[in-house]
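Worksheet: the structure to be examined is printed underneath.
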Amino acid sequence: MGCCSARCTLILLCCLQLVSAVERQLFDFLGFQWASILINFLQILVVVLGLFGAVQYKKRLIIMYLLWLLLWGGWNVFVSCLYLEVGGLSVESDVLSLGVSSHRSWWKDHGPGCEGGDPPSAGWQKTPNNHQNHQNHQNHQDQQNHLELGCWLRHQNIEVLHCVLQLVLALPGFVYACYVASTFSDQEDNYYK
């Protein structure tokens with residue numbers, strides 16, 4: 001078996017998926033996004049099992065890894081739609097925190113290149129009652145824009161890029177796992193029992 005075989009490529013892809021899932025898990029812990037933490041934990045567990053299946057010629061583990069990749073892809077598409085607010089989904093919902101705590105993407109306050117500081121206070125001045133609602137809505141938008149002032153990327157885009165990276169790693173992982181599972185015979189799987 002050569003060093004560029006499908007099995008070795010699958011092992012490499014599993015290692016890359018493992019590193020990226022651990023990185024994503026870390027930032028989801030910092031943002032208290034409990035649903036993502038749970039799904040990322042399952043991703044780490046299944047990728048380790050898939051890696052073990054590729055190393056030990058275990059066809060059943062690779063098939064389990066294949067089936068999980070379908071669910072993992074669906075989760076990443078859902079999270080992308082959530083952060084892009086597609087189809088009536090909203091970032092402000094409690095979906096990612098499971099309603100346990102207020103979730104907030106860690107990247108919202110700590111994005112690359114973001115400047116710290118207090119939001120502008122000009123909107124907090126007293127205004128006539130008929131303009132109060134419009135002024136409050138404008139203040140909220142100004143505060144949100146200020147929080148992302150100077151950021152290289154908005155936090156929603158960073159979260160979507162995380163999802164895209166996971167999908168980019170999952171697609172060739174799925175293809176290689178299909179091929180590797182088809183090349184493993186049932187005798188090889190039973191041989192190591």
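Only a predicted model underlies this, so the values are computations on that prediction, with no experimental measurement involved.
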Check: residues 37-46 side-chain donor-acceptor pairs under 3.5 Å, at least two apart:
residue : atom : partner : partner atom : Å
N40     : ND2  : Q25     : OE1          : 3.4
N40     : ND2  : D28     : OD2          : 2.7
N40     : ND2  : S36     : O            : 3.0
Q43     : OE1  : W68     : NE1          : 2.5

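Annotation for A21 and Q166: closest pair N-NE2, 4.0 Å, computed over non-hydrogen atoms. Contact detail for A181 and I63: the closest heavy-atom pair is CB-CG1, 4.4 Å. For S20 against L169, the heavy-atom pair with the smallest separation is OG-CD1, 3.5 Å. Closest of all the heavy-atom pairs between W72 and A170 is CD1-CB, 4.3 Å.
Under a hydrophobic-cluster definition in which Ile, Leu, Val, Met, Phe, Trp and Tyr are linked whenever side-chain heavy atoms come within less than 4.5 Å, directly or via other members, L165 and V175 are assigned to different clusters. L13 and F184 fall within a single hydrophobic cluster, where Ile, Leu, Val, Met, Phe, Trp and Tyr side chains are chained together by heavy-atom contacts under 4.5 Å. In this structure, V22 is not a member of the same hydrophobic cluster as L51, with clusters built from ILVMFWY side-chain heavy atoms closer than 4.5 Å.
By the side chain to side chain contact (heavy atoms under 4.5 Å, CB included) test, V19 pairs with no residue at all, sequence neighbours left out. Under the rule for a side chain to side chain contact (heavy atoms under 4.5 Å, CB included), the partners of V55 that lie at least two apart in sequence or sit in another chain are I11. Under the side chain to side chain contact (heavy atoms under 4.5 Å, CB included) criterion, V164 pairs with V160, V168, sequence neighbours left out. With sequence neighbours excluded, no residue forms a side chain to side chain contact (heavy atoms under 4.5 Å, CB included) with L171.
Distance CG/L49 to NZ/K58: 12.0 Å, rounded to 0.5 Å. Put simply, OH on Y57 and OG1 on T183 are 9.0 Å apart, with the number rounded to the nearest 0.5 Å. Rounding to the nearest 0.5 angstrom, the gap separating the CZ atom in F174 from the CG atom in L69 is 7.5 Å.
Contact annotation: the side chain of C14 approaches that of Y65 to within less than 4.5 Å [non-hydrogen atoms, C-beta and beyond]. In this structure, W75 and L71 have side chains that are not in contact, with every pair of non-hydrogen atoms separated by 4.5 Å or more. For the pair C163/R24, a side-chain contact is recorded, criterion being any heavy-atom separation below 4.5 Å from C-beta on. When side chains are defined from C-beta on, W34 counts as touching F29, because their heavy atoms get closer than 4.5 Å.
Through direct or relayed side-chain contacts under 4.5 Å between Ile, Leu, Val, Met, Phe, Trp and Tyr, L167 connects to V77.
A donor-acceptor pair under 3.5 Å is formed between the side chain of R7 and the backbone N or O of A54.
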